[in-house]
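The structure appears below as structure tokens.
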Amino acid sequence: MRSNEAVGDAVSDELTAMLARLGELAQAPTDPTGDGERDGDGGAALIDRVAVLEQMRAALAVAQHTAMVAFGRAQVEAQAQLVAAGQLDPEKLGKGIADQIALAAHVSPWQGSRRLTIASTLATDLPETRRLLTAGRISERLAETVVAQTSHLDAAARRAVDKELGDARLGELAFRRAEATVKKTAYETDPAGYTQRGRTARKDRRVTVRPAPDTMSVLSALLPVEQGVAYLAALRTHADGLIATGDTGGRSRDQVMADTLVERVTGQARARGRGCRGRDRAADRRAARPRQPRHRRAGRARAATRRDRARPAARHRREKVVAAVVRPPRPRRPARR
């Protein structure tokens, strides 16, 4: 049986009917004149529908969390019975649960483990945040932020922060302000733990790359905040300098920043991709040549060789060639008999 098929219980049948109804709403016409309910209201009914669907999205996340936590507990109980019967290694107790959740949700095993952790944390340590999410007053993204920002706290401290956040009316704030409120509350609860958490996070700095459409890639760097800000500021300053002097080669500001990043990391003189309009191929060839010593690049003239005298050089090279001193040919010695 596939993961998206109903299992056969009453709840799954009800959810399947709701899914079918949502599918009908998704196929509704988008023409303002195609639905009689929309005539004359200026779209007020539609914006109300958007708000209700957003609340349903949050409530649906909590319902999925509940199912994941219940599934995890059922799996642990079943595995515990196998351990008691000697049919399962005790070290394997609890393993494989996140993998099954990931398979059902069509996500990676890492995402499945992350979702299970968030669901368990909301159910046990953050009941107020879970209540706000169930009512659709906060988004799933903000609930995940609360879980992440309080990960350094113990259960009692988490509940205290959760109660304080419930009184802060997070649902009435924009996401950025609500996120700042969560961070401030978590820091004030345990400043030392929050600071130590930041020091530990610096060990996770890394550079990753993932594919993007049209033969492109996305290069990401997880850095401490001061290094990330300095890195971006340096690229912007360099790009603004080239734009001010007009030495961009027809590139935009973002393209200059991307090329500068590759040039400084790889040492390439020109980091423009193939097929880029306005590519300076002569500069690419000059950059590929081996660099000459300093005294030769200063314009030091060289003496003309026999080949230069026998065949005239090109016009642009004649001015740089210094004629050698012509000496009379030496007499040939008679051959010995």
Side-chain angles (χ1 to χ4, degrees), residues 2-4 54 57-58 60-61 64-65 68 95-122 133 139-152 175-176 178-180 182-183 197-240 242 248-279 284 287:
R2 293 177 298 178
S3 59
N4 57 350
E54 185 64 24
R57 184 196 297 266
L60 180 62
Q64 190 181 45
H65 292 169
M68 287 189 293
K95 292 185 178 181
I97 299 176
D99 296 338
Q100 297 182 65
I101 292 176
L103 183 62
H106 302 285
V107 296
S108 64
W110 181 86
Q111 282 287 347
S113 177
R114 178 175 177 270
R115 291 187 180 188
L116 180 59
T117 301
I118 292 174
S120 302
T121 304
L122 289 174
L133 183 61
S139 63
E140 184 181 6
R141 181 185 176 189
L142 183 56
E144 294 176 357
T145 301
V146 176
V147 174
Q149 293 298 324
T150 58
S151 60
H152 64 286
F175 178 81
R176 295 299 181 187
E179 183 183 25
V182 173
K183 292 181 179 180
R197 169 188 168 181
R199 295 173 181 174
T200 305
R202 292 174 180 263
K203 298 179 180 179
D204 298 331
R205 58 187 183 276
R206 59 185 179 273
V207 178
T208 57
V209 63
R210 63 181 184 273
D214 301 329
T215 66
M216 300 293 287
S217 62
V218 178
L219 181 68
S220 303
L222 182 62
L223 302 173
V225 60
E226 67 276 5
Q227 295 181 5
V229 172
Y231 155 82
L232 186 60
L235 290 178
R236 286 179 175 175
T237 302
H238 178 74
D240 293 341
L242 293 181
T248 60
R251 295 174 294 170
S252 64
R253 187 179 187 225
D254 292 337
Q255 290 175 344
V256 171
M257 293 172 61
D259 292 345
T260 303
L261 170 63
V262 179
E263 290 168 7
R264 293 187 178 182
V265 173
T266 62
Q268 297 180 5
R270 179 65 66 183
R272 302 184 188 180
R274 294 184 178 180
C276 180
R277 183 175 298 178
R279 179 180 179 183
D284 294 343

Quiz prompt | Val218 versus Ala212, closest heavy-atom pair with distance | solution = CG2-CB, 3.9 Å

Quiz prompt | Over 12 foreign heavy atoms within 6.0 Å of CZ, Arg264 | solution = yes

Quiz item: Would Arg141 and Glu179 satisfy side chain to side chain contact (heavy atoms under 4.5 Å, CB included), going step by step from the backbone distance to the final call?
Solution: CA-CA 10 Å; Arg141 181 185 176 189; Glu179 183 183 25; 5.8 Å; no

Exercise. Measure across Gly112 and Val107 and return the closest heavy-atom pair with its distance rounded to 0.1 Å.
Key: N-CG2, 3.9 Å

Exercise. With rounding to the nearest 0.5 Å, note down the distance linking CG in Asp259 to CZ in Arg251.
Key: 4.5 Å

Quiz prompt | Non-neighbouring partners of Arg210 that pass salt bridge (Lys or Arg N to Asp or Glu O under 4.0 Å), sequence neighbours left out | solution = none

Quiz item: Shortest non-hydrogen contact from Pro109 to Asp99?
Solution: CB-OD1, 3.6 Å

Quiz item: When rounded to the nearest 0.5 angstrom, what distance separates OG1 in Thr260 from CD in Gln255?
Solution: 11.5 Å

Practice problem: Work out which heavy atom in His65 is nearest to a heavy atom in Ile118; give both atom names and the distance. | Solution: CE1-CG2, 4.3 Å

Quiz item: Can you name the nearest heavy-atom pair linking Leu261 to Tyr231, along with the distance?
Solution: CD2-OH, 3.4 Å

Practice problem: Tell me, please, which residues at least two apart from Asp240 pass salt bridge (Lys or Arg N to Asp or Glu O under 4.0 Å). | Solution: Arg253

Quiz prompt | Gap separating the CZ atom of Arg176 from the CG atom of Leu142, nearest 0.5 angstrom | solution = 11.5 Å

Quiz item: Which pairs with one or both residues in residues 108-122 pass side-chain hydrogen bond (donor to acceptor under 3.5 Å, both in side chains), sequence neighbours excluded?
Solution: Arg114-Glu144

Quiz item: Under the side chain to side chain contact (heavy atoms under 4.5 Å, CB included) criterion, do Lys183 and Thr145 qualify, and how do the steps go?
Solution: CA-CA 9 Å; Lys183 292 181 179 180; Thr145 301; 5.6 Å; no

Quiz item: Measuring from Ile101:CD1 to Met68:CE, what's the distance to the nearest 0.5 Å?
Solution: 6.0 Å

